[in-house]
Amino acid sequence: MGIGIDIEEIKRFSKLVKDEDFIDRIFSKEEKEYCSSKKNSIQHFAVRFAGKEAVFKALGNSKIKITDIYFKNSILGKPEVYIKNKKRKDIEVSFSHSKTTVVAVAIYNV
(Lines give C-alpha, C1' and ligand atoms only; values in the text may rest on other atoms or scores of the structure.)
Protein backbone atom coordinates (compact mmCIF):
# COMPACT_ATOMS: atom_id res chain seq x y z
CA MET A 1 0.00 0.00 0.00
CA GLY A 2 1.16 3.51 -0.71
CA ILE A 3 -0.08 6.71 0.93
CA GLY A 4 0.45 10.27 -0.23
CA ILE A 5 -0.69 13.62 1.12
CA ASP A 6 -0.21 17.19 -0.04
CA ILE A 7 -1.31 20.56 1.29
CA GLU A 8 -1.23 23.81 -0.67
CA GLU A 9 -1.98 27.44 0.10
CA ILE A 10 -4.73 28.88 -2.07
CA LYS A 11 -3.03 32.29 -2.09
CA ARG A 12 -0.05 30.80 -3.95
CA PHE A 13 -2.37 29.52 -6.67
CA SER A 14 -3.97 32.92 -7.25
CA LYS A 15 -0.71 33.84 -9.01
CA LEU A 16 -0.16 30.49 -10.73
CA VAL A 17 -3.67 30.36 -12.22
CA LYS A 18 -2.92 33.56 -14.14
CA ASP A 19 -0.02 31.75 -15.86
CA GLU A 20 -1.72 29.98 -18.78
CA ASP A 21 1.46 28.05 -19.59
CA PHE A 22 1.47 26.57 -16.09
CA ILE A 23 -2.23 25.66 -16.32
CA ASP A 24 -1.78 24.09 -19.77
CA ARG A 25 1.27 22.08 -18.61
CA ILE A 26 -0.26 20.70 -15.42
CA PHE A 27 -3.99 20.26 -16.03
CA SER A 28 -6.00 18.26 -18.56
CA LYS A 29 -8.52 19.95 -20.82
CA GLU A 30 -11.36 18.51 -18.70
CA GLU A 31 -9.79 19.73 -15.47
CA LYS A 32 -9.33 23.23 -16.88
CA GLU A 33 -12.96 23.35 -18.00
CA TYR A 34 -14.22 22.01 -14.67
CA CYS A 35 -12.14 24.34 -12.49
CA SER A 36 -12.80 27.40 -14.66
CA SER A 37 -16.55 26.81 -14.43
CA LYS A 38 -16.49 27.09 -10.63
CA LYS A 39 -17.05 30.31 -8.69
CA ASN A 40 -13.77 29.88 -6.82
CA SER A 41 -11.70 28.34 -9.61
CA ILE A 42 -8.40 28.96 -7.80
CA GLN A 43 -9.45 26.66 -4.98
CA HIS A 44 -10.39 23.92 -7.46
CA PHE A 45 -7.11 24.21 -9.37
CA ALA A 46 -5.17 24.14 -6.09
CA VAL A 47 -6.87 21.03 -4.74
CA ARG A 48 -6.40 19.15 -8.00
CA PHE A 49 -2.73 20.07 -7.98
CA ALA A 50 -2.49 18.78 -4.40
CA GLY A 51 -4.26 15.63 -5.57
CA LYS A 52 -1.71 15.08 -8.32
CA GLU A 53 1.11 15.48 -5.79
CA ALA A 54 -0.57 13.07 -3.36
CA VAL A 55 -1.07 10.42 -6.06
CA PHE A 56 2.52 10.85 -7.23
CA LYS A 57 3.75 10.33 -3.66
CA ALA A 58 1.46 7.32 -3.06
CA LEU A 59 2.72 5.60 -6.20
CA GLY A 60 6.37 6.23 -5.41
CA ASN A 61 7.03 5.68 -9.10
CA SER A 62 9.46 7.93 -10.93
CA LYS A 63 8.13 6.70 -14.31
CA ILE A 64 4.89 8.61 -13.78
CA LYS A 65 4.93 12.37 -14.32
CA ILE A 66 2.57 14.71 -12.51
CA THR A 67 1.14 15.70 -15.90
CA ASP A 68 0.13 12.04 -16.50
CA ILE A 69 -2.28 12.26 -13.54
CA TYR A 70 -5.71 13.85 -13.80
CA PHE A 71 -9.10 13.66 -12.14
CA LYS A 72 -12.67 13.32 -13.31
CA ASN A 73 -15.60 13.47 -10.95
CA SER A 74 -18.02 10.55 -10.76
CA ILE A 75 -21.74 11.13 -11.10
CA LEU A 76 -21.82 11.57 -7.33
CA GLY A 77 -19.01 14.17 -7.45
CA LYS A 78 -16.24 11.92 -6.08
CA PRO A 79 -12.87 12.52 -7.76
CA GLU A 80 -11.59 9.52 -9.70
CA VAL A 81 -7.95 9.06 -10.67
CA TYR A 82 -6.79 8.68 -14.26
CA ILE A 83 -3.21 8.09 -15.29
CA LYS A 84 -2.28 8.28 -18.96
CA ASN A 85 -5.99 8.18 -19.88
CA LYS A 86 -6.64 5.01 -17.87
CA LYS A 87 -9.01 5.01 -14.90
CA ARG A 88 -7.22 3.70 -11.81
CA LYS A 89 -9.58 1.83 -9.50
CA ASP A 90 -6.61 0.90 -7.28
CA ILE A 91 -6.07 4.52 -6.20
CA GLU A 92 -8.48 6.39 -3.93
CA VAL A 93 -8.29 10.14 -3.36
CA SER A 94 -9.97 12.59 -1.05
CA PHE A 95 -9.91 16.38 -1.37
CA SER A 96 -10.73 18.99 1.24
CA HIS A 97 -10.30 22.74 1.63
CA SER A 98 -10.74 25.74 3.84
CA LYS A 99 -10.66 29.40 2.83
CA THR A 100 -6.86 29.44 2.88
CA THR A 101 -5.62 25.89 2.22
CA VAL A 102 -6.40 22.71 0.34
CA VAL A 103 -5.38 19.17 1.15
CA ALA A 104 -5.46 15.90 -0.77
CA VAL A 105 -4.83 12.34 0.34
CA ALA A 106 -4.23 9.37 -1.94
CA ILE A 107 -4.12 5.67 -1.11
CA TYR A 108 -2.67 3.21 -3.58
CA ASN A 109 -3.93 -0.33 -2.99
CA VAL A 110 -1.20 -2.55 -4.42
Side-chain angles (χ1 to χ4, degrees):
M1 178 186 330
I3 299 173
I5 186 169
D6 192 64
I7 186 168
E8 299 288 338
E9 292 183 13
I10 294 171
K11 184 177 181 179
R12 179 178 104 119
F13 271 81
S14 63
K15 296 174 186 170
L16 291 174
V17 168
K18 294 175 185 172
D19 181 352
E20 288 187 36
D21 290 335
F22 171 79
I23 297 300
D24 289 341
R25 270 193 328 273
I26 302 298
F27 299 98
S28 70
K29 178 183 175 188
E30 292 85 1
E31 287 175 312
K32 290 186 286 186
E33 289 172 358
Y34 173 80
C35 294
S36 296
S37 73
K38 299 299 181 182
K39 182 179 179 181
N40 190 349
S41 63
I42 296 166
Q43 187 178 63
H44 291 274
F45 278 113
V47 81
R48 274 164 179 68
F49 181 83
K52 291 170 186 271
E53 288 284 337
V55 168
F56 184 78
K57 291 172 183 176
L59 291 173
N61 184 343
S62 62
K63 294 180 183 178
I64 301 294
K65 297 181 285 185
I66 197 165
T67 54
D68 294 333
I69 304 165
Y70 65 96
F71 305 100
K72 290 183 184 179
N73 286 357
S74 71
I75 294 170
L76 299 175
K78 182 181 183 300
E80 298 175 326
V81 179
Y82 287 76
I83 298 177
K84 295 184 179 180
N85 297 319
K86 182 181 175 191
K87 184 177 177 179
R88 296 293 300 262
K89 294 182 180 182
D90 57 345
I91 306 171
E92 295 287 332
V93 293
S94 180
F95 299 159
S96 191
H97 54 80
S98 70
K99 290 182 180 183
T100 59
T101 56
V102 298
V103 65
V105 176
I107 297 175
Y108 174 42
N109 299 305
V110 182

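No experiment lies behind these values; they were computed from the predicted model shown.
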ILVMFWY cluster, Phe49 and Val17 together (side-chain gap under 4.5 Å):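 Yes, it is one cluster - the side chains of Phe49 and Val17 are joined through contacts under 4.5 Å.
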Any Ile5 side-chain heavy atom under 4.5 Å of Lys57 side chain: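 A side-chain contact is absent here, since even the closest heavy-atom pair is not under 4.5 Å.
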Same cluster (ILVMFWY, side-chain, under 4.5 Å), Ile69 and Val105: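 Looking at the clustering, Val105 is in a separate group from Ile69.
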Short side-chain to backbone donor-acceptor contact, Glu31 and Ser28, under 3.5 Å: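 Yes; at least one donor-acceptor contact below 3.5 Å.
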Ring centres under 6.0 angstrom apart (Phe27, Phe45):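 Between Phe27 and Phe45, the centre distance is under 6.0 Å.
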pair Cys35-Arg48: side-chain heavy atoms closer than 4.5 Å: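 In contact.
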Side chain to side chain, Ile107 and Met1, heavy atoms closer than 4.5 Å: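 Ile107 reaches Met1 side chain to side chain.
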Same apolar cluster: Ile64 and Ile91, side chain cutoff 4.5 Å: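 Same hydrophobic cluster.
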Cationic N near anionic O, under 4.0 Å, Lys87 to Glu80: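 Looking at Glu80 together with Lys87, the answer is yes, because their closest N to O distance falls below 4.0 Å.
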Path from Ile66 to Phe95 over hydrophobic side-chain contacts below 4.5 Å: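 Hydrophobic grouping puts Ile66 with Phe95.
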Glu30 vs Tyr34 side-chain heavy atoms within contact, under 4.5 Å: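 The answer is no, as the side chains (C-beta and beyond) never meet within the 4.5 Å cut-off.
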From CA spacing to verdict: side chain to side chain contact (heavy atoms under 4.5 Å, CB included), Val110, Tyr108: CA-CA 6 Å; Val110 182; Tyr108 174 42; 3.4 Å; yes
Transitive ILVMFWY side-chain link Ile42 to Ile26, under 4.5 Å: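 Result: yes, single cluster for both.
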Over 12 foreign heavy atoms within 6.0 Å of NZ, Lys78: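 Atom NZ in Lys78 is packed in, count exceeds 12.
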Cationic tip of Lys52 above Tyr70 ring, under 6.0 Å, 45° of axis: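 Negative - Lys52 is either too far from the ring of Tyr70 or too far off its axis.
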Any side-chain heavy-atom pair of Val103 and Asp6 under 4.5 Å: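 No, their side chains stay 4.5 Å or more apart.
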Any Val55 side-chain heavy atom under 4.5 Å of Val93 side chain: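 Result yes, sub-4.5 Å side-chain heavy-atom pair found.
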Glu20, CD: over 12 other non-hydrogen atoms inside 6.0 angstrom: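 No, because the 6.0 Å sphere around CD of Glu20 holds 12 heavy atoms or fewer from other groups.
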With sequence neighbours excluded, residues passing side chain to side chain donor-acceptor pair (under 3.5 Å) with Lys38: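 For Lys38, no residue satisfies side chain to side chain donor-acceptor pair (under 3.5 Å) once neighbours in sequence are set aside.
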Closest non-hydrogen atom pair between Ser36 and Ser41, with its separation: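 It is CA-CB, 4.1 Å.
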4.5 Å side-chain heavy-atom contact, Ile83 and Lys86: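 Ile83 vs Lys86: side chains apart.
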Backbone of Leu16 reached by a side-chain donor or acceptor of Asp19 within 3.5 Å: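 No, Asp19 side chain to Leu16 backbone: no donor-acceptor pair under 3.5 Å.
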Glu9 atom CD, neighbour heavy-atom count above 12 within 6.0 Å: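 Not buried by this count: 12 neighbours or fewer within 6.0 Å.
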Side chain proximity check, Thr101 to Ile10, heavy atoms < 4.5 angstrom: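 A side-chain contact under 4.5 Å is absent here.
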Derivation of the side chain to side chain contact (heavy atoms under 4.5 Å, CB included) call for Gln43 and Val47: CA-CA 6 Å; Gln43 187 178 63; Val47 81; 5.8 Å; no
